[in-house]
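Below, chains carry the letters A, B, ... as their sequence lines are ordered, and counting in each starts from 1. Since we're looking at a predicted model, the values are computed, not measured.
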Amino acid sequence: MGASAAVSVRHLTRVEGHGNIVVDVRDGVLTRCDLEIVEAPRFFEVLLKGRPAEEAARIACRICGICSVGHATASIHAVEAALGIMPGPKLRLLRRLNMAGEWLQSHVLHLGFLVAPDAFGAGSVVPLAASHPDLVKGALRLKRLANNICMAVSGRHVMPISYHPGWMGHWPEPAELEALRFSLAEAAPDLDALVDVFSQITWPSLARPAEHVAVLEAGAYPMMGGALHSTAGRMTPPAAYASVLQEYVVDHSAAKHVRGPGGDGSGKGGGTIRVGALARISLASDRLHPRAAVALQRLRLAPDSANPFDNIAAQVVESVQAHAEAVSAVEALLADPVSEGPAEATRAGGEGIGIVEVPRGTLVHHYEIAADGRIARANCLIPTAQNLASIEADMRAFVPGLLDRPKDEITHALEMLVRAYDPCISCAVH
Amino acid sequence: MDGEIFRLPRERLGALVERLARDYRVLGPVRRGDSVGWVDIRPDTVLALDYRTTMLPPRQFFAPQREVLFRFRRGADGSFGFEEPPSQEPLALLGVHGCDLTGLRVLRSFHESSCRDRVVPNRLDRAFILGLACWTPCLDESFCKDMGSLENESPAALYAWDLGDVLLLKVLTQRGREILEALAPAAATAEELAQLRRRTRVRHETFPSHLRFAPEKLAAALEAAQDDILWEANAERCLSCGRCNLVCPTCTCFDVCDQATLDGSTGARLRTWTGCQVPGFSKIAGGHDFRPTRTQQLRYRIFRKGKYMPERYGMVGCTGCGRCIHHCPTDISIRDIFRQVGA
Amino acid sequence: MTRPRVAFFSFGSCEGCQLQVLSVEDSLLELFGAIEVVNFREAMDDRRDDYEIACVEGSVIRPEDVTEIRQIRTRARILVALGACACLGGVNAIRNRRALADVAGEVYGGRQDGVFEALAASPISSVVQVDYEIRGCPIDRAEFLDAVRSLLAGTVPYTPAYAVCVQCTLRGTPCLLERGVPCIGAVARAGCEAICPAYGAPCEACRGFHDAPNFTALGEAFARAGMPREQAAAKLQLFNDYREVRAAWERALPSPSDT
Amino acid sequence: MPQVSMIPHPCRVAAATAQSSRDVHYVVEVPARSFAPEPGQFVMISLPGIGEAPFSLTALPGEGAPPGHFELLIRRVGRLTNLLTRVRSGGVLYVRGPYGRRVDWEPFEGANLIMLAGGLGLAPLRAFVWRALARRREFRRIDVLVGARSPDELLFKGDLDTWSARTDDVHVRLTVDAAREGWTGRIGVTSSLLEGIKVDAHDTYAFLCGPPVMYRDCLRRLLAMGLYENHLWLTLERRMKCGIGLCGNCQLSGHYLCQEGPLLSYREVRHLREAV
Ligand SMILES: Cc1cc2nc3c(=O)[nH]c(=O)nc-3n(C[C@H](O)[C@H](O)[C@H](O)COP(=O)(O)OP(=O)(O)OC[C@H]3O[C@@H](n4cnc5c(N)ncnc54)[C@H](O)[C@@H]3O)c2cc1C
Ligand code: SF4
Ligand code: SF4
Ligand code: SF4
């Protein structure tokens, strides 16, 4: 007779949103292995419908507090694509700066507040602050820096304000940029320490190959859009995103799941896909800033890793990357601080897709804008949703090796696995 | 040389700023986007001397929107120690129009007759004001000529007319003379003086008259119109947004609030602008509101400008700058109200 | 001084208000020193039910939310609602205008079963008594800290009674409405330092209304700025569309064309 | 001219006694500088970090309050008073003032005085009563008429007893809007206490402190009794943020009540809008 175990975690902690882990093993046979998404939907696709396109970014950013800049960016890209607006290079750079701010904010929050307690056996950041004050204070300083970046660009990080199709409602003053340049420089030691701390932590090893997906733009680390690339060697234009990221409804989740095209028998990934920091590094480690590449080395992170726990190290690398991106964006904006005039719409309505890389992976906003400038149809595809199937597949792969351990440990290990993906559940359900 | 008129070539403005900067923090009208406001300037800053009335009036520099009254700190024995902020550095404010010069006079008369507090009068005393003549009405809503502030030059130390390539400057105070002497200006030419006379005459004609009575008659006219339906008719449109109070150069009311750290150990008491159109202003403990309706509130504002202030401080409380009309989202017009009560 | 035990809960929302709490970087450790956080799912494992103060984010959107918030109310001495979703219904309430089955059908292709059962999205105060509200989408960090400071000191938090326009004008932002942008700050409650107009977007009244809003006059102001009155109503829908909140304005303005 | 500071002075609380579930009576040491208030004046009391508000002096040094002390009655109604009413004996209150008009008492000499208070109005009025008693020989008949919503809400019961006992000096009459069991006194609104009061109307001054509703009734009756308009004095309460004639919150038709009031004669306010 094989082992039996039942794990049930109601409202997983230290993740954004409400999710339950339900695992049932009977006589060595895994009968249930679900990440239940019990968050209630807020129907953002419906909320967007009928609203003026001008408002879309401000509504869409309310999907998720943690990646609200990402939603605003994907949304504004979708609107601009639909209306034939071509934002100028400085505008794109300013938005990239804001995204870098959000990456840093989100990754540091995850690493310092949500993951580090696991690594050091603390239940939350509160005891961690007592046991590892330097780590926590450093993380707080980095978070503040990230917040300040977003404040300078868009007024605040949670619900950015200044996004308009073709222009920004606020252009940072040179003095604001100077202040950012200063605090970015000041933050270097804190980042260094972050890399240091995380390079000393060992996570469980679980190798389960999946197709890693990210959108890549020319000549830059993936962030602001482009074609969908995958480790299966596929390259898909944004318009065909639905063929790579196929949504389907499952019974135990209010968030739709997503499967990749890999299920066709190619053997690469078996249909589950992963998006996020690790996926981006798999696809673009050669595009990392030299400082981030050093971090990659120090963390001994293999770009082709199939271990979901390596997403954590990947987030550390990307924190350095985001910092480097912010530094160069601030320098460039300071070198030429005059604001860029608005880019005009070339048509009244149409269909538009905005795809960006948010901290947790590939985010798609897809709108149809009617001739009266209102949104006629909206679809949002959330990174966490794309990872859900992978998370469950990882759990299935992970559980058998855990069965000889006490239930608490199994539970904790599974929680850690889920957290490694940094899921954002309210986002996934929206 | 008081009253005498000198000429300053436009390119010498920078030299004036440079001279002032030795003794003052110098502020001038600068364009940002599609609006102009007073900001700190340097000799090479491009001044928008053709600006239209700013949104916020110059009182922002003498009784600022948000001002720390004192800071406090809890000592080891649990009791608080207090510290007043250092006194403000002297200001030089350039390019102040007649309406706003009048506004500063009203500000002074209010502070000097209402209470013994010298903070604001002291700041005004130490300030250097460069007045600037307007050639055309700044806003459609201005009625400075009616209110007698178009020609007002006090309390400027120097008063300027912009003739394009050259500014003509009149010396009005001892301090004005000292500053100007440093630039060794030449006297205005006969031709320039003639041009000034001509343009001043034309100006008087181009500025329309809106009211058919002298401001001194306002108090009585308002008194007589106390129960007119015009108050209610206007108040129906009022949003209670308070903008009319905040943009007015002669509003003086403030609220007081405290800020402190989480444990309450250090913090500050601040005063911030408020006004009689701002919800909550006339409420007292128990929720009783002594001026609950918009009609009462609106009438109160207009009465204060046109009746209470002249009765108490000897100066009509409206300069005719037109800000409150221009910035009212529903165009409630003190000018129209004055006109109606005067009819 | 004993530290009050505080719990944070979240209902239908983006959890951005909780993130704002975690984003008081300079004061976070001081905050966690001054209060004992006993429940904060987004940030910690411990969950205890012996809290005195409950900070609740999000709208009630499922039947089980009703049960849960009732339970929280019986346990907490002080219940604080955080943010637009909890205080007003916020953006969630927009969909209440349509039948739920219809809405769910559109998003999930007809499927709507056991995993979620939804109610009309409602503010917390529609189910239980709320002691204090910290408004905003998201809440303002400084305002949150100030409210905590007041509660720690043993008194009630301060909320401005007046319009966003007051703070907007005080900070010197050129008025957007004057330029024909559909800003409804003139009816909105202040407290956010009028951050949206300052960053180039119209105020959408995410903090609800001030003490003396005049919606008819707002329509008038829109008309004078060259916009249809319906547009004022459309803006009010964004955060203030929950039944009882909407009642304050719906009769004063023509309703925006149904889409 | 002096520069007026907004900085308050710490004053030690010598005694703090609860007068009801929401009212606390304070005996406070005078600030360490000259402090010579008159009845009808008020002080600004603050708690740094929370705020500041005006409170009437309910007894002056040596007149109802011990020498070197003044007294306050603070009702718990909101943000600031929630915390002020927690300050205990030995604690500190932060004080500015005294502020408000200093009313000249010379005209009152040789006259009858009617002191009328409703509810919390007894707080300021109490200072008038103690002043009158301190200079008892200067006045003729003194009536103290006090109304409250219920017997439990009657303030300063000790003083009321003391004054009532001085039957030669003062005529005290009480009333409540609604009684409870055990109340043997009068039931009715405050103004009803004026029924049956017989004084030489030409030579009588009345001082009124109470809620706006009380004023309307009482003024009507007093005028009907024949008292002169300039013999009726009332305290007008308004929101006050500075106490020094600057903040404008207390303005009544252009009059800054913190300076020209809060005590004013009916003649002065009669024609003003929104006065009572
Ligand atoms: C001349 C004068 C004498 C007074 N004497 C006494 C007294 O002897 N005993 C006593 O208990 N109370 C007295 N008051 C009332 C006292 O000032 C208020 O109860 C106090 O301001 C309430 O403050 P709070 O912060 O506790 O209440 P809040 O929570 O601020 O608010 C309660 C209400 O008080 C109003 N309010 C706020 N600030 C002021 C203010 N500065 N003045 C008036 N109302 C305000 C608010 O608008 C609100 O409606 C007097 C007021 C005045 C003007
Ligand atoms: S009342 Fe209006 S027009 Fe008169 S000074 Fe004030 S803002 Fe200007
Ligand atoms: S921009 Fe909006 S909030 Fe600001 S003053 Fe204008 S209407 Fe009011
Ligand atoms: S400006 Fe308006 S929408 Fe923006 S935060 Fe303030 S209240 Fe909310």
Side-chain angles (χ1 to χ4, degrees), chain B residues 32-39 54-57 60 64-66 234-248 251 254-255 257-265 267 272-275 277-283 287 289 292-294 297 323-324 326-332, chain C residues 1 24 26-35 142 144-146 148-150 152-153 158-179 183-190 193 200 209-225:
Chain B
R32 267 224 206 111
D34 52 0
S35 59
V36 172
W38 281 281
V39 297
T54 56
M55 179 172 85
L56 291 179
Q60 63 181 303
Q65 294 96 302
R66 179 165 299 186
N234 275 287
E236 267 172 17
R237 295 212 313 270
C238 174
L239 282 152
S240 297
C241 70
R243 282 172 66 75
C244 51
N245 284 140
L246 304 170
V247 300
C248 178
C251 272
F254 60 83
D255 197 2
C257 65
D258 287 14
Q259 288 179 347
T261 49
L262 199 58
D263 64 355
S265 63
T272 51
W273 291 359
T274 183
Q277 312 300 298
V278 172
F281 185 75
S282 44
K283 250 194 191 147
D289 197 329
T293 68
R294 275 187 254 275
Q297 291 164 8
R323 283 185 175 91
C324 59
H326 184 77
H327 295 290
C328 174
T330 55
D331 304 335
I332 293 175
Chain C
M1 205 171 82
V24 298
D26 292 333
S27 309
L28 192 70
L29 296 180
E30 196 192 343
L31 175 68
F32 283 178
I35 61 177
F144 170 75
L145 282 176
D146 206 62
V148 172
R149 176 172 77 86
S150 297
L152 286 175
Y158 168 77
T159 339
Y162 47 79
V164 167
C165 292
V166 171
Q167 292 185 325
C168 191
T169 310
L170 286 180
R171 71 187 279 171
T173 308
C175 178
L176 298 180
L177 190 61
E178 270 172 26
R179 288 158 173 73
C183 183
I184 56 172
V187 295
R189 182 180 297 275
E193 300 293 338
F209 307 133
H210 62 76
D211 277 8
N214 184 346
F215 298 104
T216 318
L218 181 68
E220 172 91 346
F222 267 55
R224 276 167 199 254

Relative to chain C, which segment of B/R66 carries a heavy atom at a distance below 4.5 Å: side chain, backbone, both, or neither?
side chain

Interchain contact, B/C238 with chain C, by part (heavy-atom threshold 4.5 Å):
backbone

Looking only at C/R171, C/R224, C/H210, most heavy-atom pairs under 4.5 Å shared with chain B are made by C/R224

Determine whether a donor-acceptor pair (N or O, by modelled atom type, separation under 3.5 Å) exists between the side chain of B/N245 and the backbone of B/Q277.
yes

Taking it one step at a time, do B/W273 and C/V166 satisfy side-chain contact (heavy atoms from CB on, under 4.5 Å)?
CA-CA 9 Å; B/W273 291 359; C/V166 171; over 6 Å; no

Contact summary for B/T261 and C/R149, nearest pair of heavy atoms:
O-CD, 3.0 Å

If one checks every heavy atom of B/E236 against chain C at 4.5 Å, the contacting part turns out to be backbone

Between C/A225 and chain B, with a heavy-atom cut-off of 4.5 Å, which part of the residue counts as in contact: side chain, backbone, both or neither?
neither

If every non-hydrogen atom of C/A221 is compared with every non-hydrogen atom of B/L239, which pair is closest and at what distance?
CB-CD1, 4.1 Å

Let's test your reading of the structure: which of C/G33, C/A142, C/A163, C/C165 forms the most heavy-atom pairs below 4.5 Å with chain B?
C/C165

Counting only non-hydrogen atoms closer than 4.5 Å, does C/L177 touch chain B with its backbone (N, CA, C, O), its side chain (CB onward), both, or neither?
side chain

Any sub-3.5 Å donor-acceptor pair from B/R323's side-chain atoms to B/T54's backbone N or O?
yes

Given side-chain contact (heavy atoms from CB on, under 4.5 Å), test C/Y162 with B/F281 step by step and report yes or no.
CA-CA 9 Å; C/Y162 47 79; B/F281 185 75; over 6 Å; no

Which atoms of C/P160 approach chain B - backbone, side chain, both or neither, heavy atom under 4.5 Å:
neither

Answer with side chain, backbone, both or neither: which region of C/A186 has an atom nearer than 4.5 Å to a non-hydrogen atom of chain B?
both

Pick from B/G33, B/G242, B/A260, B/S240: which one has the most heavy-atom pairs with chain C under 4.5 Å?
B/A260

Given that the side chain runs from C-beta out, which part of C/T169 has a heavy atom under 4.5 Å from chain B: side chain, backbone, both or neither?
both

Relative to chain C, which segment of B/D34 carries a heavy atom at a distance below 4.5 Å: side chain, backbone, both, or neither?
both

Drop me the distance from C/S27's OG to C/F32's CZ, to the nearest 0.5 angstrom.
11.5 Å

Could you tell me which non-hydrogen atom of C/A161 sits nearest to which non-hydrogen atom of B/P279, and how far apart they are?
O-CB, 3.6 Å

Name the region of C/E30, side chain, backbone, both or neither, that has any atom closer than 4.5 Å to a heavy atom of chain B.
both

Specify which of B/V247, B/T272, B/D331, B/D263 makes the most heavy-atom pairs with chain C at under 4.5 Å.
B/D331

Test side-chain contact (heavy atoms from CB on, under 4.5 Å) on C/E178 and B/M55; report intermediate values, then the result.
CA-CA 12 Å; C/E178 270 172 26; B/M55 179 172 85; 5.8 Å; no

Go through the atoms of B/D289 and report whether side chain, backbone, both or neither lie under 4.5 Å from a heavy atom of chain C.
neither

Select, from C/V148, C/D211, C/L170, C/L145, the one with the greatest count of heavy-atom pairs under 4.5 Å involving chain B.
C/L170

Go through the atoms of B/L56 and report whether side chain, backbone, both or neither lie under 4.5 Å from a heavy atom of chain C.
side chain

Looking at C/R179, I want to see if its CZ is surrounded by more than 12 non-hydrogen atoms of other residues, nucleotides or ligands under 6.0 Å.
yes

Nearest non-hydrogen partners of C/A34 and B/L262, listed with the distance:
CB-CD2, 4.3 Å

Using a cut-off of under 4.5 Å on heavy-atom pairs, state which of B/Q60, B/R294, B/R32 scores highest against chain C.
B/R294

